[in-house]
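Values below: every heavy atom of this structure, side chains too, minus hydrogens, waters and symmetry copies. Just so it is clear, the structure is predicted and the values come from calculations on it, not from any experiment.
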Amino acid sequence: MPRQRLTRLAEALLRTEGWPCDAELDLWMCTDEEIQGLNREHRGLDRPTDVLSFPQYEPGERPVAGLPAALGDVVISVDTAARQAAERGASLSAETAWLFAHSVLHLLGYDDDTEEGLATMIAKAKAALAAM
């Protein structure tokens, strides 16, 4: 997945949500073993997952005007993304972009704990990807 594409995707989501487009986030592409360790440590789930988000801000909180906005961290398991891409008949690039968009929305305060929240996140991710 080219860095420029992910940058444009993040900028599209930030613009749509009214966040500063010069906000920063860290992206780590890792293995299933690495993400399983993070999932166990931070969520108490001893299994790999496709993506984890570590937001800097609480839901509804925004960065202080004039200060750099560090949104948080995104961790994507390339192993899981590759499996999911194959299952969906999609490219690894497309799967990675989808996971990244979903995770950035978590950094912006969205949650998928309810069907309504998940539907909102899916719609916003699809719109951002289509705009690219």
Side-chain angles (χ1 to χ4, degrees):
M1 164 63 53
R3 179 180 176 188
Q4 297 84 359
R5 184 169 183 220
L6 293 179
T7 299
R8 287 194 318 270
L9 178 55
E11 288 172 348
L13 288 163
L14 290 166
R15 244 188 325 278
T16 300
E17 298 301 314
W19 285 73
C21 285
D22 62 347
E24 297 177 3
L25 63 89
D26 289 320
L27 172 62
W28 179 23
M29 307 291 280
C30 68
T31 65
D32 271 351
E33 183 180 340
E34 291 165 318
I35 207 165
Q36 181 171 348
L38 290 170
N39 206 22
R40 178 178 50 248
E41 180 181 342
H42 295 280
R43 298 177 63 218
L45 301 172
D46 193 15
R47 63 178 183 259
T49 188
D50 50 7
V51 64
L52 291 171
S53 305
F54 298 96
Q56 183 69 30
Y57 299 98
E58 294 295 325
E61 186 181 16
R62 293 291 179 123
V64 175
L67 295 178
L71 298 178
D73 303 317
V74 172
V75 183
I76 296 175
S77 170
V78 177
D79 297 336
T80 299
R83 278 194 309 278
Q84 290 177 173
E87 290 167 6
R88 292 177 167 82
S91 69
L92 178 57
S93 179
E95 183 69 13
T96 301
W98 177 259
L99 294 172
F100 182 74
H102 183 84
S103 193
V104 169
L105 288 166
H106 277 301
L107 296 183
L108 299 178
Y110 287 92
D111 207 346
D112 54 7
D113 287 346
T114 65
E115 286 186 33
E116 182 182 346
L118 178 60
T120 297
M121 290 183 73
I122 289 171
K124 287 183 177 290
K126 283 183 178 179
L129 288 162
M132 293 182 54

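- When the side-chain hydrogen bond (donor to acceptor under 3.5 Å, both in side chains) test is applied to Q36, the partners found at least two apart in sequence or on another chain are D46.
- In this structure, L92 is not a member of the same hydrophobic cluster as W28, with clusters built from ILVMFWY side-chain heavy atoms closer than 4.5 Å.
- Residues L45 and R40 form no side-chain contact, since every pair of their non-hydrogen atoms from C-beta on lies 4.5 Å or further apart.
- Taken from NE2 in H102 to CG in D50, the straight-line distance is 7.5 Å, to the nearest 0.5 Å.
- Rounding to the nearest 0.5 angstrom, the gap separating the OG1 atom in T80 from the CG atom in D32 is 3.5 Å.
- Placement of V75 and M121 in two distinct hydrophobic clusters is found when ILVMFWY residues are connected by side-chain heavy-atom separations under 4.5 Å, directly or transitively.
- The hydrophobic cluster containing I35 does not contain I76, counting ILVMFWY residues as joined when their side-chain heavy atoms lie under 4.5 angstrom apart, directly or transitively.
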Side chain to side chain contact (heavy atoms under 4.5 Å, CB included) evaluation trace for D111 with H106: CA-CA 6 Å; D111 207 346; H106 277 301; 3.9 Å; yes
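- When the side chains of ILVMFWY residues are joined at heavy-atom separations under 4.5 Å, either directly or via intervening members, F54 and Y110 end up in two distinct hydrophobic clusters.
- Using a 4.5 Å heavy-atom cutoff, the side chains of L99 and Q84 are in contact.
- Using a 4.5 Å heavy-atom cutoff, the side chains of L27 and M29 are in contact.
- Summarising the geometry, atom CG belonging to L9 is positioned 11.0 Å from atom OG1 belonging to T96; distances are rounded to the nearest 0.5 Å.
- Residue N39 holds its CG atom at 5.0 Å from CG of L52, rounded to the nearest 0.5 Å.
- Within the model, atoms CG of L107 and CG of L13 stand 10.0 Å from one another, a figure rounded to the nearest 0.5 Å.
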Chi angles and distances behind the side chain to side chain donor-acceptor pair (under 3.5 Å) call for T31, D79: CA-CA 6 Å; T31 65; D79 297 336; 4.6 Å; no
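- Sorted by first and then second residue, the side-chain hydrogen bond (donor to acceptor under 3.5 Å, both in side chains) pairs involving residues 54-75 (not counting sequence neighbours) form an empty list.
- The shortest side-chain heavy-atom distance between L108 and L14 falls under the 4.5 Å cut-off.
- To the nearest 0.5 Å, atoms CD1 (I122) and CH2 (W98) are separated by 5.5 Å.
- When every heavy atom of A69 is checked against every heavy atom of P20, the shortest pair comes out as CB-CG, 4.1 Å.
- Summarising the geometry of G109 relative to P59, their closest heavy-atom pair is O-CB, 4.0 Å, with the distance given to 0.1 Å.
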